[in-house]
Structures are given as structure tokens and as C-alpha cells.
Amino acid sequence: MESVLIVDNDARAREFLADFFRYKKRQVAVCRNGQEAISSLKQKEYDLIITDMKTPRGSGKDILCFVKDHYPESLVIAMSAFASIENAVEAMQLGAFHYLIKPFSLDTMEAIVDKADEHLRL
């Protein structure tokens, strides 16, 4: 995996994830909301998209649908601080590779990213 798009309206969460992926030598882009993310996705394909399911001006659902329609090989990790089984199932049905509950540990993110790397190599 080379490129990552991070979508979260929380600046600290965006920077935490961006720093993590930069440390792993990935190209990183960040967006504050779904609308920015869709605009970015219209310009460039990303190997991995990490999106909060609740963002202003366009939801994680919108992003999942756009990626599924335009970049079916890209992986999406959906995350939410307001997690429920129903939300997780819906995200997975829309094509999410993984569903992550916030807050999460760096170890958890590392394990998911390792799995995503492995999946993309197949």
C-alpha cells in the first residue's frame, strides 16, 4: 500500500493517523469531511481510505459508495465513536474492509493495516 486518504473532522485524529502513516513511509492526504474526500477521490485513487462514518458535509456512507463504484480495488476502513452492531454491519455491506471503534490503540491500527497490506498484495 502506497497511498492513504484519511477523513475525519477531528484534527487530532487526522494528525495522529497521518503521522502513523508517514512513519510507515506512505503518501498521505487528509480531509475534514465527506465532501472534501469525494473531491479528492475524483482527482486520485488511494490504496486505503480511512473514514469516520459521521463527518459533516458527506458521510462515511457516501465515501464507501463512491469508492465501491469508482475504485473497487481500494480498501476502506470505517471508524466511529458512536459504534453499534447495525452501523458496523451497514459499513461492511457497503464494502468496508474493516470497522474500527474509536478510540483505538496504535497496536490495533497496526494489525489492521498489516492485514490490509497483505490483502492488497494478493
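Along the sequence shown, the residues carry numbers beginning at 1.
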Task: Partners meeting salt bridge (charged side-chain N to carboxylate O under 4.0 Å, His left out) with Lys24 (sequence neighbours left out) - done: Glu110
Open item on the list: Taking the side chain as everything from C-beta on, heavy atoms only, tell me whether Val7 gets closer than 4.5 Å to Asn33.
Closed with: no
- [ ] Using a cut-off of 6.0 Å, state whether more than 12 heavy atoms not belonging to Lys115 lie near its atom NZ.
- [x] no
Open item on the list: Using the rule given for side-chain contact (heavy atoms from CB on, under 4.5 Å), can you reason through Phe20 versus Val113, listing the C-alpha separation, both sets of side-chain angles and the distance that settles it, and then say yes or no?
Closed with: CA-CA 11 Å; Phe20 170 79; Val113 169; 3.9 Å; yes
Open item on the list: Strictly below 4.0 Å, N to O, side chains only: are Glu2 and Arg26 in salt-bridge contact?
Closed with: no
Open item on the list: Would you say that Met53 contacts Met79 through its side chain, given a criterion of any heavy-atom pair below 4.5 Å between the two side chains?
Closed with: no
Task: Glu90 (side chain) donor-acceptor with Glu86 (main chain) under 3.5 angstrom - done: no
Task: Distance (rounded to the nearest 0.5 Å) between Phe82 CZ and Asp52 CG - done: 8.0 Å
Open item on the list: Do Val28 and Leu75 sit in one hydrophobic cluster, given that two such residues count as connected whenever their side-chain heavy atoms are within less than 4.5 Å of each other, even indirectly?
Closed with: yes
Task: Cluster overlap Val4 with Phe16, hydrophobic side-chain contacts below 4.5 Å - done: yes
Open item on the list: Can you give me the closest heavy-atom contact between Ile63 and Ala37, atom names plus distance?
Closed with: CD1-CB, 3.8 Å
TODO: Of all the heavy-atom pairs spanning Gly60 and Thr51, show the shortest one and how long it is.
DONE: CA-OG1, 4.0 Å
TODO: Decide whether Leu5 and Ile77 are clustered together by the hydrophobic rule: side chain heavy atoms of Ile, Leu, Val, Met, Phe, Trp, Tyr closer than 4.5 Å, transitively.
DONE: no
- [ ] Please determine if Lys102 forms a cation-pi arrangement with Phe104, meaning its NZ or CZ atom is less than 6.0 Å from the six-membered ring centre and no more than 45° off the ring axis.
- [x] no
- [ ] For side-chain contact (heavy atoms from CB on, under 4.5 Å), just list the numbers for Val67 and Tyr46, CA-CA rounded to whole Å, side-chain angles, deciding distance to a tenth of an Å, and then say yes or no.
- [x] CA-CA 9 Å; Val67 170; Tyr46 296 89; over 6 Å; no
Open item on the list: Let me check something: do Ile101 and Leu17 share a hydrophobic cluster, defined by ILVMFWY side-chain heavy atoms less than 4.5 Å apart, either directly or through other members?
Closed with: no
Open item on the list: Can you tell me which residue among Ile49, Val76, Ile38 is in a side chain to side chain contact (heavy atoms under 4.5 Å, CB included) with Phe66?
Closed with: Ile38
Task: Side chains of Val30 and Asp8 in contact at under 4.5 Å (non-hydrogen atoms) - done: no
Task: Atom of Arg32, atom of Pro56 and distance for their closest heavy-atom approach - done: O-CD, 4.2 Å
Task: Flag side-chain contact, heavy atom, 4.5 Å: Asp62 against Gln35 - done: no
Open item on the list: Is the shortest side-chain heavy-atom distance between Arg14 and Asp10 below 4.5 Å?
Closed with: no
Open item on the list: A side-chain contact here means heavy atoms from C-beta on lying under 4.5 Å apart; do Cys31 and Ile6 qualify?
Closed with: no
Task: Minimum heavy-atom distance Leu41-Tyr71, with the two atoms named - done: O-OH, 2.6 Å
TODO: Decide whether Ile85 and Leu94 are clustered together by the hydrophobic rule: side chain heavy atoms of Ile, Leu, Val, Met, Phe, Trp, Tyr closer than 4.5 Å, transitively.
DONE: no
Task: Considering all heavy atoms, the nearest Ala91-Tyr99 contact - done: CB-CD1, 3.7 Å
TODO: Would you check if Asn9 and Lys54 make a side-chain contact, meaning some heavy-atom pair closer than 4.5 Å?
DONE: no
TODO: State the CD-CZ distance between Gln27 and Arg22, to the nearest 0.5 angstrom.
DONE: 11.5 Å
Open item on the list: Do Leu100 and Met109 have side chains that approach each other closer than 4.5 Å (heavy atoms only, starting at C-beta)?
Closed with: yes
